[in-house]
Amino acid sequence: MSENQKTLENLLVDEEQMHEEILHDLLEEYIRIGKQSGDLIPQDRFRDQTAKNKTLIVLLAQKARSELDMVESEWMTPGEISTQSGVNQNTVYPTVRELDNEGLIEGDDGTYRIPSHSIDQVRDYINEDDTDE
């Protein structure tokens, strides 16, 4: 079999490694995660983001913390998102509903997360919104 031969095997990727690379690239300029505490540490670029972007970034960071086994679940309540992002809880509620309706996040019984299949779409959304400013 030659190197250039196309097979279905060529479509296989290491999902965990792919997620780690994408999450790292997305989060590195906005947020850090405390090694001992697991706390989110906002960077300067995070502070300038819209409520939607802050919500998405916090949910991405929660996904990263989940993959690092720092939290039990990648799902967050609006109250937790508010606490971690600094966005007023009264703003977070309509924001998560809107992001859910747009298909960027998914909700389940009052908690929200970014599904793996939406990470690229979320990256494009944040990057597009960030360049508009």
Asks: Taking K52 first and then E102, would you say they form a salt bridge - that is, a charged N and a carboxylate O separated by under 4.0 Å?
Replies: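 A salt bridge links K52 with E102.
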
Asks: If two hydrophobic side chains count as joined below 4.5 Å and joins carry through other members, does M76 share a cluster with I119?
Replies: yes

Asks: Would you say the side-chain atoms of S118 pair up with the backbone N or O of I114, donor to acceptor, closer than 3.5 Å?
Replies: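 Flag not set: sc S118 to bb I114 has no pair under 3.5 Å.
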
Asks: At their closest point, which heavy atom of V58 faces which heavy atom of S85, and how far apart are they?
Replies: CG2-CB, 3.6 Å

Asks: Is a side-chain donor or acceptor of Q43 paired with a backbone partner of L27 at a separation under 3.5 angstrom?
Replies: no

Asks: Going by heavy atoms in the side chains, are Y30 and P42 under 4.5 Å from each other?
Replies: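 Of all side-chain heavy-atom pairs linking P42 with Y30, none is under 4.5 Å.
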
Asks: How long is the span from the NZ atom in K54 to the CZ atom in F46, to the nearest 0.5 Å?
Replies: 5.5 Å

Asks: Got a second to check how far L56's CG is from Y112's OH, nearest 0.5 Å?
Replies: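 Between atom CG of L56 and atom OH of Y112 there are 13.0 Å.
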
Asks: Please answer whether the main-chain N or O of T77 pairs with a side-chain N or O of E80 as donor and acceptor at a distance below 3.5 Å.
Replies: yes

Asks: Would you compute the distance between atom CE of M70 and atom OG of S37 and round it to the nearest 0.5 angstrom?
Replies: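 Going from CE on M70 over to OG on S37, the span is 6.5 Å.
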
Asks: May I ask whether L59 and I41 are part of the same hydrophobic cluster, defined by side-chain heavy atoms of I, L, V, M, F, W, Y residues being less than 4.5 angstrom apart, directly or through others?
Replies: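 No.
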
Asks: To the nearest 0.5 Å, what is the distance between CD1 (I105) and CH2 (W75)?
Replies: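 Rounded to the nearest 0.5 Å, the CD1-CH2 separation comes to 9.0 Å.
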
Asks: Looking at E67, K63, Q62, which one forms a side chain to side chain contact (heavy atoms under 4.5 Å, CB included) with R65?
Replies: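 Considering E67, K63, Q62, a side chain to side chain contact (heavy atoms under 4.5 Å, CB included) with R65 is found only for Q62.
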
Asks: Sub-3.5 Å donor-acceptor pair from the side chain of R123 to the main-chain atoms of L26, do we have one?
Replies: no

Asks: Of all heavy-atom pairs between A61 and I31, which one has the smallest distance, and what is that distance?
Replies: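 So the two residues come closest at CB-CG2, 4.2 Å.
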
Asks: Check salt bridge (Lys or Arg N to Asp or Glu O under 4.0 Å) between D100 and all other residues, then give those that pass, not counting sequence neighbours.
Replies: none

Asks: How far does CD of Q89 sit from CD1 of I81, to the nearest 0.5 angstrom?
Replies: 9.5 Å

Asks: Tell me, with the steps shown, if Q121 and Y125 meet side chain to side chain donor-acceptor pair (under 3.5 Å).
Replies: CA-CA 6 Å; Q121 191 179 357; Y125 182 90; over 6 Å; no

Asks: Can you hop from Y93 to L104 via hydrophobic side chains spaced under 4.5 Å?
Replies: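 Not linked; separate clusters.
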
Asks: Output the distance between atom CD1 (I33) and atom CG (L23), rounded to the nearest 0.5 Å.
Replies: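 The CD1 atom of I33 sits 8.5 Å away from the CG atom of L23.
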
Asks: Just by distance, do the side chain of T91 and the backbone of V87 share a donor-acceptor pair under 3.5 Å?
Replies: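 Here the side-chain-to-backbone pair does not exist.
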
